[in-house]
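Have a look at the structure below before the remarks.
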Number of protein chains: 2
Amino acid sequence: MIRRDSKVPFYHQLYEILRHKIVRGEWHPGDILPTENDLLDTYRVSRSTVRQALDALVGEGLIYRQRGRGTFVAHPTVEQTLMRIVSFTDDMYQRGMKPSTEVLVSELVPAPEDIARQLDVEPGEELTYLERLRLADDEPMSIEASYLVHRYCPGILNDDYSKKPLRLTLEEKYNIRLVYAKQTIRAVNASRRLAGKLGIPVNAALLAIERVSYSKENIPVEFIRFYHRGDRYLLYNELRD
Amino acid sequence: MIRRDSKVPFYHQLYEILRHKIVRGEWHPGDILPTENDLLDTYRVSRSTVRQALDALVGEGLIYRQRGRGTFVAHPTVEQTLMRIVSFTDDMYQRGMKPSTEVLVSELVPAPEDIARQLDVEPGEELTYLERLRLADDEPMSIEASYLVHRYCPGILNDDYSKKPLRLTLEEKYNIRLVYAKQTIRAVNASRRLAGKLGIPVNAALLAIERVSYSKENIPVEFIRFYHRGDRYLLYNELRD
DNA sequence: TAGTGGTCTAGACCACAAA
DNA sequence: TTGTGGTCTAGACCACTAA
């Protein structure tokens with residue numbers, strides 16, 4: 001249902017609702033969606049708002065429309081993680097695995113110099129630090145270490161992020177939507193600590209991704225370091241000439 | 001001016017009009033566009049229609065909007081650098097390093113089953129196999145193992161690919177242009193052989209990329225496996241929500 | 001013919017930037 | 001305070017598909 005008092009626009013709420021149904025498998029490729037009129041009745045919004053939500057899904061390649069027939073869930077031709085910002089949870093569902101999360105660390109820390117530079121703040125400025133172990137089908141998959149500029153979202157660590165996405169709280173409580181990100185990808189050998197957490201041999205290969213995410217005002221808000229198990233995690237993407 | 005009797009939707013006519021002014025240089029990067037209200041008056045359409053036209057231009061990266069300020073012609077800086085097919089040589093120059101190449105293997109081989117599947121040919125079909133060591137500033141950087149469907153480019157291995165890009169011969173002699181590719185990225189530990197070639201310790205982390213490239217007729221032509229040194233090679237990309 | 005998505009209008013109120 | 005783009009509504013008519 002759409003929260004009328006939320007700061008999140010209706011169309012974006014509806015977009016999230018529909019996206020979930022597709023990504024989490026409630027609706028399957030080829031399935032027909034409710035008509036625009038149905039959606040408009042169900043969610044009590046205007047047709048423009050419904051179409052704005054659907055437009056976003058079309059742009060993402062998740063659905064397609066046929067005039068006179070209806071709107072359908074697209075067959076996952078391709079288009080993947082490398083181009084879109086996807087939460088770990090959605091990512092795993094798309095890969096057909098059951099995601100779960102374990103919070104390892106949740107605290108405030110002074111900004112290390114390299115991260116401060118990426119987040120465009122002074123070294124030593126207060127950052128939230130949230131380190132989580134991500135599991136897929138109950139087997140360790142990744143370590144995700146996330147830094148947020150605490151000033152933008154004071155008190156955000158009071159919530160429990162083993163169940164709830166960090167992005168959701170950011171949007172709902174702080175009205176911060178991360179719309180753009182830059183990342184670097186490389187391969188590293190697992191340290192003793194990472195190997196222990198991930199249940200793999202020391203020196204096993206990890207896919208290390210560092211990502212800086214920007215708000216719609218183009219302000220860097222989050223720095224994340226992912227360590228994905230090389231033997232389990234794959235990135236896909238497409239290239240054009 | 002917008003033709004009311006045309007079958008072309010108003011928003012698309014307006015989109016073309018505005019697009020021309022940008023592409024043909026009437027408006028320059030950083031220039032402010034007329035406000036939505038101006039456009040609505042000038043072209044005698046509703047605000048929704050104006051916005052639909054502008055949305056298309058935003059999606060194309062030609063303009064950007066700033067609430068409270070206005071709409072501007074975008075600087076053609078980057079963004080669309082998302083992920084282009086780039087040769088190793090160009091790639092290294094972009095990174096400010098001097099590329100060089102050493103051919104390790106150049107021969108015909110029967111298609112292994114997994115590669116045959118990716119190239120949509122029968123297992124055992126004749127493929128060219130070209131294995132090259134890539135160096136940057138005279139230091140080993142990557143191993144690149146390339147398979148081509150020999151039937152599409154017979155005799156291609158007669159040339160020397162330590163100096164000349166394979167793609168160039170494909171285009172010039174066989175009129176095959178690779179315009180599209182899919183790839184997977186993962187992290188692996190270096191085998192004894194790879195480690196030796198790359199001058200790194202056994203088990204060092206490598207970025208392993210497998211890429212299938214398609215011709216403009218959408219036929220898979222080439223399968224490449226890259227092994228990039230984790231300590232030297234970095235992938236960079238951008239994401240959008 | 002009935003129902004779908006495609007296009008379009010004329011309003012309205014809001015958050016934000018700049019003067 | 002004024003003007004911008006951001007969101008939203010409640011209509012309308014159209015072209016197309018399928019029954």
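Naming: A, B, ... by sequence-line order, numbering from 1 per chain. Small disclaimer: the values here were computed from a predicted structure and weren't measured.
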- Task: Verify, without hydrogens or angle tests, whether B:His12 (side chain) and B:Val8 (backbone) share a donor-acceptor contact under 3.5 angstrom.
- Result: no
- Query: B:Arg186 side chain to A:Asp231 main-chain N or O, any donor-acceptor pair under 3.5 Å?
  - Reply: no
Can you tell me the distance, in whole Å, between the [atom1] atom of [X] and the [atom2] atom of [N]?
| X | N | atom1 | atom2 | value |
| --- | --- | --- | --- | --- |
| A:Leu40 | D:dA10 | CG | P | 9 Å |
| A:Phe72 | C:dT4 | CZ | P | 11 Å |
| A:Ile219 | C:dA17 | CD1 | C1' | 14 Å |
| A:Tyr43 | D:dT7 | OH | C1' | 20 Å |
| A:Gln52 | D:dC8 | CD | P | 7 Å |
| B:Asp55 | C:dG6 | CG | C1' | 15 Å |
| B:Arg51 | C:dT7 | CZ | C1' | 17 Å |
| A:Tyr64 | C:dG6 | OH | C1' | 18 Å |

- Note on the structure: Going 5' to 3' through nucleotides 11-19 of chain D and flagging B where a protein heavy-atom sits under 4.0 Å of the base, S where only the sugar-phosphate is that close, and - otherwise, we get -B--BBBS-
Do you see a donor-acceptor pair shorter than 3.5 Å between the side chains of [X] and [Y]?
| X | Y | value |
| --- | --- | --- |
| A:Arg229 | A:Tyr233 | no |
| A:Arg134 | A:Thr101 | yes |
| B:Glu36 | B:Thr71 | no |

So, is [X] near the phosphate of [N], with a side-chain N or O under 4.0 Å from OP1 or OP2?
| X | N | answer |
| --- | --- | --- |
| B:Arg65 | D:dT4 | no |
| B:Arg4 | C:dT9 | yes |
| A:Thr35 | C:dT4 | yes |

- Charged N to carboxylate O below 4.0 Å: is that the case for A:Glu172 and A:Arg3? yes
- Message: If you compare all heavy atoms of A:Leu198 against all heavy atoms of A:Pro140, which two are closest, and at what distance to 0.1 Å?
- Response: O-CB, 3.5 Å
Ignoring the backbone of [X], work out which of [options] is nearest its side chain.
| X | options | answer |
| --- | --- | --- |
| B:Ser46 | C:dT9, D:dT4, C:dG5 | C:dT9 |
| A:Tyr11 | D:dA10, D:dT7, C:dC8 | D:dT7 |
| A:Glu36 | D:dG5, C:dG5, C:dT9 | C:dG5 |

